[in-house]
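Working notes for the structure below.
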Amino acid sequence: MCRLLSFEARRSSQLNVAPDTQRRDKRDDAEIEMVVQSHTQSVSPLVTALTCRCPRCGNGKLFVNVLNMRDKCDACGLDYKFVDTGDGPAVFAIFILGFLCIGGALIAEFKFGVPWWVHVLLWGILTPLLGVLLLRFLKALLIALQFKNKAEEGRLSEEG
């Protein structure tokens, strides 16, 4: 709220108009609402990852299709150029999916004794489907954590 008041005070001093008598257009209202919302509401990274929404506002979509990133948030305008998940989601997905699929195949084989063609059908369909869903979730989670923690590429100090 303090930031909002300072924004209003700066704007009114530039226009030489009292804050309550100045007229604002819709775009200014949206900017003020965005500033207030971004500083008063915290979006959980887990909720952001489950819904695949913007890490700042929690409203705009994060992906265009299944795994393609948007350029910016449709709701708050956050530029997604800061995103650098690298191979992180793929590595985590490989470990998690490998554990689930190998464990499931071993249980299916030794507990139920299913024929080999059931394994081919079951794991041939489930593995890629779970892989894509898991990659989408993990990519959104790492993006949300990167935004929350303000993580960026390391830089060397040039103090001399």
Going through the checks in order, is the side-chain contact (heavy atoms from CB on, under 4.5 Å) test met by Phe147 and Val83?
CA-CA 8 Å; Phe147 177 79; Val83 173; over 6 Å; no
Heavy-atom pair of closest approach, residues [X] and [Y]:
{"X": "Ala75", "Y": "Gly60", "result": "CB-N, 3.8 Å"}
{"X": "Thr51", "Y": "Val47", "result": "OG1-O, 2.8 Å"}
{"X": "Leu78", "Y": "Pro55", "result": "CD2-CG, 4.1 Å"}
{"X": "Gly77", "Y": "Lys72", "result": "O-CB, 4.3 Å"}

Is the shortest heavy-atom distance from the side chain of Cys54 to the side chain of Cys76 under 4.5 Å?
yes
Non-hydrogen side-chain atoms of Arg70 and Phe63 separated by less than 4.5 Å
no
Within residues 94-104 or reaching into it, pairs that qualify as side chain to side chain donor-acceptor pair (under 3.5 Å) - sequence neighbours excluded:
none
Is there a donor-acceptor contact under 3.5 Å from the side chain of Arg136 to the main chain of Val66?
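Side chain of Arg136 to backbone of Val66, a donor-acceptor pair under 3.5 Å: yes, one is there.
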Which distance, rounded to the nearest 0.5 Å, do you find between the [atom1] of [X] and the [atom2] of [Y]?
{"X": "Asn59", "Y": "Cys73", "atom1": "CG", "atom2": "SG", "result": "7.0 Å"}
{"X": "Trp123", "Y": "Leu130", "atom1": "CH2", "atom2": "CG", "result": "8.0 Å"}
{"X": "Leu134", "Y": "Thr127", "atom1": "CG", "atom2": "OG1", "result": "11.5 Å"}
{"X": "Tyr80", "Y": "Met69", "atom1": "OH", "atom2": "CE", "result": "6.0 Å"}

Those residues that, when tested against Ile125, pass side-chain contact (heavy atoms from CB on, under 4.5 Å) (two or more places apart)
none
Could you tell me which residues satisfy side-chain contact (heavy atoms from CB on, under 4.5 Å) with Ala90, sequence neighbours excluded, listed by chain and number?
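Once residues adjacent in sequence are excluded, the partners of Ala90 under the side-chain contact (heavy atoms from CB on, under 4.5 Å) criterion are Leu135.
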Between side-chain atoms of residues 137-146 and protein atoms elsewhere (two or more places apart, or another chain), which donor-acceptor pairs fall under 3.5 Å?
| from | atom 1 | to | atom 2 | distance (Å) |
| --- | --- | --- | --- | --- |
| Lys139 | NZ | Leu67 | O | 3.2 |
| Gln146 | OE1 | Asp84 | N | 3.2 |
| Gln146 | NE2 | Phe82 | O | 2.9 |

Apply the test side-chain contact (heavy atoms from CB on, under 4.5 Å) to residues Leu62 and Arg53: give CA-CA distance (whole Å), side-chain angles for both, the deciding distance (0.1 Å), then the verdict.
CA-CA 5 Å; Leu62 197 56; Arg53 298 290 179 175; 6.0 Å; no
Enumerate the ring-ring contact (aromatic ring centres under 6.0 Å, His included) contacts for residues 92-111, please, sequence neighbours excluded, ordered by first and then second residue.
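For residues 92-111, and leaving out neighbouring residues, there are no ring-ring contact (aromatic ring centres under 6.0 Å, His included) pairs at all.
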Test of understanding: clusters of I, L, V, M, F, W, Y form through side-chain heavy atoms closer than 4.5 Å, transitively. Do Leu121 and Phe112 belong to the same one?
yes
Could you go through the side-chain contact (heavy atoms from CB on, under 4.5 Å) check for Val114 and His119 one step at a time?
CA-CA 7 Å; Val114 297; His119 284 291; 3.3 Å; yes
Check the surroundings of atom CG in Asp71: do more than 12 heavy atoms from other residues, nucleotides or ligands lie under 6.0 Å from it?
no
Would you list the pairs meeting salt bridge (charged side-chain N to carboxylate O under 4.0 Å, His left out) in which at least one residue belongs to residues 86-113, sequence neighbours left out?
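Residue pairs passing salt bridge (charged side-chain N to carboxylate O under 4.0 Å, His left out), neighbours aside: none found.
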